[in-house]
Each structure stands twice: as C-alpha cells, then as structure tokens.
Amino acid sequence: MESRKRIRTGINEILSRFSELTIYRFSLELKIQGIETRIKKDKYGKLSGITFIDRTSGLTIVGSELGTAYSATALAPRLYPQTRKSVFSIRPVKRPAKRWRKENK
C-alpha cells in the first residue's frame, strides 16, 4: 500500500507542477523520484497502456490499477497536449485497390 500511495503522490505532484507536459518529461520526472514508467502504444502511436515500477519496493503496477485517473486513457490528454484531439481520431488510411494490367509485348 505504501508504494501505491508513493506512486500516486508522485504523479499528482508532477501533473500539478506542469501546465503542459510531454510523455518524455513525465517519465523523466518520475524517474528522478525512483519510479520508472513503461509506455505502450498501438500501431497508430496512440497511448494504449502505462505501467509504473517503484524501484524502492519493486512494485510493478498498471496505471488503471492505481485508479481511473492514472490510466492511459485519463493521462493521454495531459501527456499529448499538442495532439489532444487528433490522438483519439487517427484512422487507417484507405488505399485504392491495386489494378493489375496485362502488358502486351
């Protein structure tokens, strides 16, 4: 329980200190506190998961297990401020079907 509280407190402090925050800066600030982050992204670059590792106790916990406010879905708008709208609306590009032609020789 102590480690969970330590991770929550660290995240809350960082989020309150910075008005705009990148995923890199967020991870760096947590690392200074002894908490490592593992980021998972889908094939479109959208944040799909975040794991926190407390190096002092060895606790590894997924953000959603800390609470809904610490899940990847909740943190994404804060960690990707420049693409807040587009992060969630990326769709695969539809390409036209290839047409095969017979070449006359």
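This is a predicted model, so every value here is computed, not measured.
Atom OG of residue Ser64 and atom CG of residue Leu75 lie 10.5 Å apart, to the nearest 0.5 angstrom. In this structure, OG on Ser3 lies 12.5 Å from CD1 on Ile53, to the nearest 0.5 angstrom. Atom CD of Glu20 and atom CZ of Arg25 lie 13.0 Å apart (nearest 0.5 Å). One distance of note links CD1 of Ile50 with NZ of Lys41; it measures 10.5 Å at 0.5 Å rounding.
Inter-residue side-chain proximity for Ile7 and Arg4 is flagged as unmet; no heavy-atom pair is nearer than 4.5 Å. In this structure, the side chains of Thr37 and Thr51 stay at 4.5 Å or more apart for every pair of heavy atoms. Counting heavy atoms from C-beta on, the side chains of Ile11 and Phe26 come closer than 4.5 Å. With contacts defined as side-chain heavy-atom distances shorter than 4.5 Å, the pair Ile14/Leu30 qualifies. Under the 4.5 Å side-chain criterion, counting only non-hydrogen atoms from C-beta, Leu66 is in contact with Ile61. The side-chain heavy atoms of Val62 and Phe52, taken from C-beta on, include no pair separated by under 4.5 Å. Side chains of Tyr24 and Leu79 form no contact here, defined as non-hydrogen atoms less than 4.5 Å apart.
Smallest separation of non-hydrogen atoms from Ala74 and Ala69: CB-O, 3.6 Å.
For the 3.5 Å distance criterion, the side chains of Ser57 and Asp54 qualify, holding a donor opposite an acceptor.
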**Request:** Begin from the C-alpha positions of Glu13 and Glu29 and carry the test side-chain contact (heavy atoms from CB on, under 4.5 Å) through to its verdict.
**Result:** CA-CA 10 Å; Glu13 184 226 325; Glu29 291 291 326; over 6 Å; no
**Asked** For Thr73 and Thr68, what are the C-alpha separation, side-chain angles and deciding distance, and is it a side-chain contact (heavy atoms from CB on, under 4.5 Å)?
**Response** CA-CA 8 Å; Thr73 306; Thr68 55; over 6 Å; no
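Between Glu36 and Lys31 there is no salt bridge, since no side-chain N of the basic residue sits under 4.0 Å from a carboxylate O of the acidic one.
Looking at Ser48, its side chain does come within 3.5 Å of a backbone N or O of Lys40 through a donor-acceptor pair. In terms of modelled atom types and a separation under 3.5 Å, the side chain of Arg78 and the main chain of Leu15 share a donor-acceptor contact.
Side-chain heavy atoms closer than 4.5 Å link hydrophobic residues (I, L, V, M, F, W, Y) into clusters, and following such links, possibly through other members, connects Phe18 to Ile39.
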